[in-house]
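A short worksheet on the structure shown next.
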There are 2 protein chains.
Amino acid sequence: MTGSKLIHVQRGNEIYAAGEEAAALYKVCSGAVILFMILEDGRRQIIDLAGPGDLLHFDLDGELDHFAEALTETELAVFDGASALGDPDFLPFFLEQTRARLAMDRRHITMLGRKTAQERLADFLECVSECLGSAPGEIDLPMTRQQIADYLGLTLETVSRIFARWVREGRLVQVAPGQYELPGYGLNRVGAAIKVSALLAA
Amino acid sequence: MTGSKLIHVQRGNEIYAAGEEAAALYKVCSGAVILFMILEDGRRQIIDLAGPGDLLHFDLDGELDHFAEALTETELAVFDGASALGDPDFLPFFLEQTRARLAMDRRHITMLGRKTAQERLADFLECVSECLGSAPGEIDLPMTRQQIADYLGLTLETVSRIFARWVREGRLVQVAPGQYELPGYGLNRVGAAIKVSALLAA
DNA sequence: CGATTTTTTGATTTCAATCAATGTTGGTGG
DNA sequence: CCACCAACATTGATTGAAATCAAAAAATCG
């Protein structure tokens, strides 16, 4: 990336805050980032997860309307958006990123508006396994119950209960803290997608 | 718009469907459009409202993932996105539109994930009064209860009950079918924004 | 190892969904 | 013009999924 500099952010640290002037664009090189909004009374909603290759926001000026925080130790390329858009190589990447982010957000809206707690968590695990890319059938979850709940529009207790139920019913195996596995996945490793539907089956 | 043609769509008619190849971009000239997704079992979520000046989608190729339908009689400019992006006047407009749409979607996510039914409806009325621009303090609502519910992630009964309660409590006045007014608005017409907070006050 | 954070689990409540009529409105044709 | 019909909206009774309240248990960290 021309004219970019690299920064490191530790787990849990803020990258930018709502209200800050949008001065730079950020691209994730390694690690994972959560983007979120906070209501006046403290209610929090995580908007998006960003992994390697993703841009965090697309604002070239004005105030940012959301917060960004490192979920794990994260390396970011920081650069000036206005000048980068002059680069003919950068523009298609920028457009594709915004398009992809809009598609993610549309899915997120549909999930929050119309899906049950269990469906949301299943969708989320599928999304995480793609997005933060672990081996197929395995899920690497560097998030607390509260963070998952804030992404899904639920409470941490509800998230905890659903995990507990799936593990109790043998639909999900916890191999380590923050690491889960879908049992019997070896049998149907047809594609890359995790068969999260198995989590919901009656 | 260079190389564009105008089309008319009647209220309730489909503009495009999910699964269609993204061949053209659409800009609303007059009227209003809803964008929505439908789950396999028929649950529907309205993603966005588009009014005059708005682009409906931003996909230059690939399959569209959502539906677009005219809410009122609508006039649309249809044009080729790929060639329009070559136009140096068009690019900034396109970028600003995607940015604005992302901001709307983030607010929508936060609303669906973290707000109560009443807060959602109040937010929605505020959004509609800006977006489909009626006079300040007045709200023009060309949508059925079901459509409002599908935007807010609620049922039509819940939406109906909240309207009924606000009208009963004198927080909202129905001047005509689909037309509401905030009473006492003349006193605080400080800015352009409707004081929806009055709807929620204890 | 102690202290703090995070997670689990249980009991109870609550908001909105669901189920079920009834009432309105607007368009159409007699 | 009015009667009829089909959408659309309201209202009530009841249920239900997830939130809230409240401890205990487990994991993480210095």
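Residue numbering restarts at 1 for every chain, and letters A, B, ... go by the order of the sequence lines.
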Determine which pairs satisfy salt bridge (charged side-chain N to carboxylate O under 4.0 Å, His left out) with at least one residue from residues 144-165 of chain B, sequence neighbours left out, and list them in order. Arg114(A)-Asp150(B), Arg44(B)-Asp150(B)
OG1 of Thr74(B) to CG of Leu76(B), rounded to nearest 0.5 Å, is 6.0 Å
By salt bridge (charged side-chain N to carboxylate O under 4.0 Å, His left out) - contacts of Asp105(B) (at least two apart): none
Output a table of donor-acceptor pairs, distance under 3.5 Å, between side-chain atoms of residues 5-17 of chain A and any protein atom two or more places apart or on a different chain; print 'none' if there are none.
from, atom 1, to, atom 2, distance (Å)
His8(A), NE2, Glu75(A), OE2, 3.4
Tyr16(A), OH, His66(A), NE2, 2.9

d(CG, Leu200(A); C1', dA17(D)) in whole Å: 15 Å
Any residue meeting salt bridge (charged side-chain N to carboxylate O under 4.0 Å, His left out) with Arg171(B), in chain and number order, not counting sequence neighbours: Glu169(B)
Which pairs pass salt bridge (charged side-chain N to carboxylate O under 4.0 Å, His left out) with one or both residues in residues 47-57 of chain A, sequence neighbours excluded? Asp48(A)-Arg101(A)
What ring pair (Phe, Tyr, Trp, His ring centres under 6.0 Å) pairs are there with at least one residue in residues 101-121 of chain A, not counting sequence neighbours? His108(A)-Tyr151(A)
Just report the end-to-end axis angle for the helix from dC1(C)-dG30(D) to dG30(C)-dC1(D), five pairs per end, to 10 degrees. 50°
Return the value, rounded to whole Å, for the distance between atom CG of Leu141(A) and atom C1' of dT6(C). 14 Å
Anything under 3.5 Å between a protein N or O and an N or O of nucleotides 6-9 of chain D, put it in a table, one pair a line.
from, atom 1, to, atom 2, distance (Å)
dA9(D), OP2, Arg145(B), N, 2.9

Going through the checks in order, is the side chain to side chain contact (heavy atoms under 4.5 Å, CB included) test met by Phe124(B) and Arg120(B)? CA-CA 6 Å; Phe124(B) 172 71; Arg120(B) 294 185 203 189; over 6 Å; no
Sort and list the pairs that fulfil ring pair (Phe, Tyr, Trp, His ring centres under 6.0 Å) and have at least one residue in residues 157-177 of chain A, not counting sequence neighbours. Phe163(A)-Tyr180(A)
Do the non-hydrogen side-chain atoms of Leu102(B) and Leu102(A) ever get within less than 4.5 Å of each other? yes
Rounded to the nearest 0.5 Å, what separates atom OG in Ser4(A) from atom NZ in Lys27(A)? 9.0 Å
Whole angstroms only, please: what is the CD-C1' distance between Gln10(A) and dC29(D)? 15 Å
Considering residues at least two apart in sequence or located in another chain, which fulfil the side-chain hydrogen bond (donor to acceptor under 3.5 Å, both in side chains) criterion with Glu69(A)? none
Give the B/S/- string for nucleotides 21-27 of chain D, one per nucleotide from 5' to 3', where a protein heavy atom under 4.0 Å of the base yields B, of only the sugar-phosphate yields S, and otherwise -. B------
Contacts under 3.5 Å, N or O only, protein and nucleotides 13-16 of chain C:
from, atom 1, to, atom 2, distance (Å)
dA16(C), OP1, Ala117(B), N, 2.6

Do Thr98(A) side-chain atoms and Thr98(B) backbone N/O form a donor-acceptor pair below 3.5 Å? no
For the pair made of CZ in Arg43(A) and C1' in dT20(D), what is the distance, rounded to whole Å? 15 Å
